[in-house]
Amino acid sequence: MSNLLGRHRAVMPRWVSLYYDDPIEIVSGKGRRVTDSDGRSYLDFFGGILTNMLGYDVPEVREAVERQLRTGVAHTSTLYLIRTQVELAEKIAELSGIANAKVFFTNSGTEANETALLLATNARRSDQVLALRNSYHGRSYAATAVTGNRSWKNSSLSPVNVHYLHGADRARFPHLSDEEFQAFCVDDLQHVLDTATATDVACLIVEPVQGVGGFTAAPDGLLARYREILDRYGILLVSDEVQTGWGRTGEHFWGLQAHGVTPHIMTFAKGLGNGFAIGGVVADGTLMDALPANGISTFGGNPIATAAAKATLDYLLAHDLQANAQRLGRLLIDGLRTAADRLPVVRDVRGKGLMFAVDLVDPGTGAPSASLAARVLEHAKERGLLIGKGGLYGHTLRMAPPLTLTEAEAREGLGILVDSLAAAC
Ligand SMILES: Cc1ncc(COP(=O)(O)O)c(C=O)c1O
């Protein structure tokens, strides 16, 4: 193992960081459990960063991919009809709630957001974009430009002209009531439009629950109030559902639905292929068709990825995994909140469905503590649980198990989490 770590360090970029003092190599998986190269088994509460949405070795997905492989065709290009691609697009268009929707498939969330920004800036003939502070939208120039988190911004070069809004930073305004905070945010949006932007603005891009940002979210309803103002100016609303889509938040199928509003454009990736590379953008057909030049994504929506994605989506809907996310999310979040009373390192427990987080602070100073988060990660690993971390100051534990999680596994994971937090106190 240490040999592999040395080889990794020799040839992989420094900025592709690994978890743990002793990083692990996952060599097999089944259900919600994985095994490392030393034969140790873990319950997985991070799912390859919310990507193994159904868990590991799901027969329905494996068989769909094997069926496609047996045809001898892994790739054809979008020059030819791809049946699974059309079927998947039909399904996503219908699920999106966007009228007359069309879908374009990509290989990643970054590319999906690039496409969304291209659609919006083209339609509005404007390079001006609004984004939320503490956001993460990917690693390309435009996606980085709308990312509001310094530790993920490698460059200030930008094809778009960005202004940032408040909303997901509720915790920074503890002196305001919920209503006061929303009124402040709405006033700020108007002020930004009046003072910082010129003529037309293309869109506002938001994560309904910020992923990398530490599962922080604007209070429910705020984005509908934003939309009222945006509509007056014809500014489009883009929802980045890369982490929040497909029922993960339990209460809704898309994260943005918590605000009672439908976006003009939605992007997705991560969980859809249950590990196979697929992302995409769904938008009003007129908006989508309006791009003036040709466009393809060579691998986007290829036969293997769309076969996996279609099988994943069919499985998710047939088993109503959104309801499972809601039920077990409640169990986990309530359990953590109860335990938090006796854990001085815990500042906040928040989340929706199977997307929940714990903020850690130094009990002496109350300052966000990234080192405590790293310690809890190690304790959880020792006890057989994989979790994630994130947040603006690296002090947030992020948990997002596969949506197929069972109640027994939820209770097991909760027990390990609480023990690991206690061990770090
Ligand atoms: C909300 C969100 N948008 C976009 C992306 C970028 O997706 P990808 O890494 O597939 O390019 C991510 C990745 O973490 C994400 O969390």
Side-chain angles (χ1 to χ4, degrees), residues 12-13 15-17 19 46-53 104-120 129 131-149 151-155 160 162 164 167-168 203-218 223 237-246 248-249 254-256 258 263 265-282 297 299-302 305 308-309 312 351-357 387-392 394 396 398-400:
M12 307 300 286
W15 38 267
V16 177
S17 59
Y19 273 174
F46 209 35
I49 322 181
L50 294 88
T51 301
N52 299 317
M53 182 164 70
F104 178 72
F105 289 109
T106 64
N107 303 287
S108 67
T110 297
E111 291 170 71
N113 285 329
E114 282 285 329
T115 310
L117 292 170
L118 185 64
L119 294 179
V129 172
L132 294 189
R133 293 171 183 215
N134 198 40
S135 56
Y136 179 82
H137 293 291
R139 56 172 297 281
S140 60
Y141 277 124
T144 303
V146 291
T147 287
N149 181 333
S151 51
W152 291 93
K153 262 175 124 66
N154 272 305
S155 174
V160 280
V162 186
Y164 286 95
C203 65
L204 164 64
I205 183 166
V206 297
E207 293 163 273
V209 178
Q210 296 180 326
V212 171
F215 296 176
T216 37
L223 297 175
L237 180 59
V238 180
S239 187
D240 176 342
E241 299 275 352
V242 166
Q243 295 214 8
T244 46
W246 321 114
R248 175 161 292 280
T249 61
W254 304 109
L256 194 69
I265 305 174
M266 206 151 60
T267 60
F268 55 84
K270 285 205 187 283
L272 178 61
N274 202 46
F276 288 86
I278 188 163
V281 52
V282 50
S297 167
F299 293 117
N302 69 69
T312 301
K352 286 182 175 182
L354 288 176
M355 190 172 181
F356 54 98
I387 58 174
K389 58 189 166 79
L392 190 56
T396 304
R398 292 193 293 155
M399 279 66 64

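In what follows, every heavy atom counts, from backbone to side chain, and hydrogens, waters and symmetry copies are set aside. Remember, it's 1-based here, ligands and their atoms both numbered in the order they're listed.
- In this structure, T244 OG1 and Q210 CD are separated by 11.0 Å, a value rounded to the nearest 0.5 Å.
- Closer than 4.0 angstrom to ligand 1 lie heavy atoms from S108, G109, T110, N113, Y136, H137, G138, E207, D240, V242, Q243, K270.
- Neither side chain, S135 nor E207, offers a donor N or O lying under 3.5 Å from an acceptor on the other.
- The aromatic rings of Y19 and F46 sit parallel, their planes meeting at an angle under 30°, below the 60° perpendicular limit.
- The backbone N or O of L256 sits less than 3.5 Å from a side-chain atom of E241, completing a donor-acceptor pair.
- At distances below 3.5 Å, not a single donor-acceptor pair connects side-chain atoms of T147 with backbone N or O atoms of N149.
- Proximity of a side-chain donor or acceptor of R398 to a complementary backbone N or O of G211 within less than 3.5 Å is detected.
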